[in-house]
Q: 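Below you will find the structure I want to go over with you.
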Amino acid sequence: MGFMDKLKETAGKAAEKANAMKDSAMDSYGKMKEANEQKKAEKQAYTAAMEQEVNEYSAKLIESVMAAYADGGAKFWGEGNRAAIDKFTKDYYEMLVLPGSRPNISCLTMTPYIDEKAMKKFADKGGVDLQGAVPHIFVKDGNDAGMVITEDFIAFKFRYEKDSSFWVKGRIPTANINTFVMEINDSSANVMINGIKLTTISIKGSYRQDFMSLNYYFECLGKQDFTIDRQEVNDQIRAKIGDKIYAQVKKYFIDDDEQLLFYAGGVDSLTAVDYVACTDNQLIFVNREMLGATANVKQFYFEDVTSMSTIQNSTSSDFLTAVIDTALTAAFKLCDLEVSVAGSKEVINTLYLAEATRIIAIYHEMRKNAKKAAAQPIQVQAAPAQPDALEQLQKLAQLKDAGIISEEEFAAKKADLLSKI
């Protein structure tokens with residue numbers, strides 16, 4: 001066989017091999033495509049089956065809660081009018097929920113402090129229909145789960161236990177709710193509606209305090225008790241921060257009966273838990289140095305403060321730092337609190353806007369009360385009226401004539417009475 005014949009034979013074998021490889025590749029591709037289509041079909045079937053299962057579970061859960069409703073029993077919002085409830089909700093959040101529970105670790109927010117972006121994210125991810133309703137209470141459980149409580153319904157969304165990629169979700173009309181209670185355990189809390197467990201939420205951060213606050217809120221609604229006094233605020237904050245921290249703050253109190261009205265821990269520090277506290281007399285700011293070895297304490301008495309305001313833009317001279325600070329302020333609603341005292345200005349850094357707003361509101365309330373007290377006229381107590389001397393002499397004479405006192409006793413008392421005229 002000549003060279004050309006061998007070359008042709010080699011080329012032919014190469015072509016045959018290439019065709020065989022092509023056929024094998026096509027066959028493998030076909031099998032892979034068929035396998036992928038099968039997996040896709042299986043996934044679609046699984047998804048459809050799970051969605052149906054979760055929808056049925058959600059419907060049965062809602063049905064169980066509504067079936068447990070008792071006609072003539074307690075009403076979810078109580079008997080109060082909406083205006084009174086709305087005002088109480090705002091006051092309750094500012095005075096009893098916000099102090100001691102920083103917004104970044106709290107799971108509870110109330111109107112008008114509910115973040116619109118957080119609400120939209122809650123509704124969009126998982127498809128919860130809020131129908132444009134105004135939220136009054138928002139309880140978040142991380143991973144976009146939680147509850148939204150409106151005037152007309154409670155919307156909920158939680159991960160399904162069998163597969164966390166699916167949502168248990170729905171709405172329960174408040175007209176079919178008697179009771180709402182957070183049943184608090186060691187590491188979790190059960191959401192109980194009409195005595196039926198809706199879901200379980202793990203306790204983290206300040207969740208335990210938040211759940212306790214939520215329970216007390218509905219307890220107040222049930223009793224229609226919308227009064228919050230300073231002692232109640234002081235006691236609630238003390239329960240949240242603990243006796244040890246409370247004792248540290250109390251060292252700076254002016255009077256024995258001074259009440260703690262606000263507290264925020266973890267302010268402006270990466271190495272120590274600094275805090276800002278507000279009483280009915282003053283604003284206290286403690287900023288510990290590195291590792292907490294020493295503390296820089298500033299006390300601003302309300303009578304000396306001329307103004308308070310928030311600063312929401314960076315004051316850094318470095319452009320990049322200023323841009324970053326401003327972005328963080330917008331994203332996390334952080335601000336600085338500027339306090340003007342005796343012609344100078346002091347700045348408390350890194351407060352949440354809701355915290356700074358509350359401190360300013362307390363300041364204005366205390367200044368207003370002080371002005372009212374100063375404007376009250378001084379009441380001079382009049383000396384007790386002296387009995388008429390002639391009337392007393394007549395009574396003494398009657399006692400003498402009746403033989404109750406002797407002539408000598410009458411003369412002595414008469415002389416004593418006349419000496420005082």
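Side chains included, hydrogens not; waters and symmetry mates left out as well; all remaining heavy atoms used.
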Q: State plainly whether the residues K60 and E56 are in salt-bridge range, i.e. N to O under 4.0 Å.
A: no
Q: Is it possible for you to check whether K240 lies under 6.0 Å from the centre of the six-membered ring of Y263, through NZ or CZ, and within 45° of that ring's axis?
A: no
Q: Count the heavy atoms of every other residue, nucleotide or ligand shown that sit under 6.0 Å from CG of N185, and state whether that count exceeds 12.
A: yes
Q: Answer yes if the side chains of N281 and T279 hold a donor-acceptor pair under 3.5 Å, and no otherwise.
A: no
Q: Quiz question: by atom type and distance under 3.5 Å, do the side chains of Y216 and Q236 form a donor-acceptor pair?
A: no
Q: Taking all atoms of both residues into account, what is the closest heavy-atom pair of A356 and T310, and its distance?
A: CB-CG2, 3.7 Å
Q: Are S106 and S101 linked by a side-chain donor-acceptor pair shorter than 3.5 Å?
A: no
Q: Identify the heavy atoms of A277 and V249 that sit nearest to each other, and give their distance.
A: CB-CG1, 3.8 Å
Q: So, E258 and Q282: side-chain donor and acceptor under 3.5 Å apart, yes or no?
A: yes
Q: Sequence neighbours left out, what pairs pass ring-ring contact (aromatic ring centres under 6.0 Å, His included) with at least one residue falling in residues 150-171?
A: Y57-Y160
Q: Classify the angle between the aromatic ring planes of W77 and H136 as parallel (below 30°), tilted (30 to 60°) or perpendicular (above 60°).
A: perpendicular
Q: When rounded to the nearest 0.5 angstrom, what distance separates NZ in K298 from CG in N287?
A: 7.5 Å
Q: Please check if any side-chain donor atom of Y246 sits under 3.5 Å from a side-chain acceptor atom of N234, or the reverse.
A: yes
Q: What residue among L221, N178, I149, N176 forms side chain to side chain contact (heavy atoms under 4.5 Å, CB included) with F76?
A: I149
Q: Would Q224 and E79 count as having a side-chain donor-acceptor pair, cut-off 3.5 Å?
A: no
Q: Please determine whether the number of non-hydrogen atoms from other residues, nucleotides or ligands lying under 6.0 Å from atom CE of M50 exceeds 12.
A: yes
Q: Using a strict threshold of under 4.0 Å (side-chain N to carboxylate O), is an ion pair present between D144 and K157?
A: no
Q: Mind checking whether Y93 and Y217 have ring centres under 6.0 Å apart?
A: no
Q: Would you call K87-D91 a salt bridge at under 4.0 Å N-O?
A: yes
Q: Could you name each residue pair satisfying salt bridge (charged side-chain N to carboxylate O under 4.0 Å, His left out) that touches residues 242-257, not counting sequence neighbours?
A: R238-D243
Q: Between the side chains of K223 and E219, is the shortest nitrogen-to-carboxylate-oxygen separation below 4.0 Å, so that they form an ion pair?
A: yes
Q: Should we count CD of E116 as having more than 12 external heavy atoms under 6.0 Å?
A: no
Q: For atom CD of E53, is the number of surrounding heavy atoms from other residues, nucleotides or ligands below 6.0 Å larger than 12?
A: yes
Q: Could you measure the distance from the CD1 atom of I201 to the CG atom of D210? Nearest 0.5 Å is fine.
A: 10.5 Å
Q: Is the ring centre of Y363 less than 6.0 Å from the ring centre of F300?
A: no
Q: What do the steps show when you test M147 against L198 for side-chain contact (heavy atoms from CB on, under 4.5 Å), and what is the final call?
A: CA-CA 11 Å; M147 296 176 291; L198 185 70; 4.3 Å; yes
Q: Between atom CG of L334 and atom CD1 of I311, what is the distance when rounded to the nearest 0.5 Å?
A: 13.5 Å
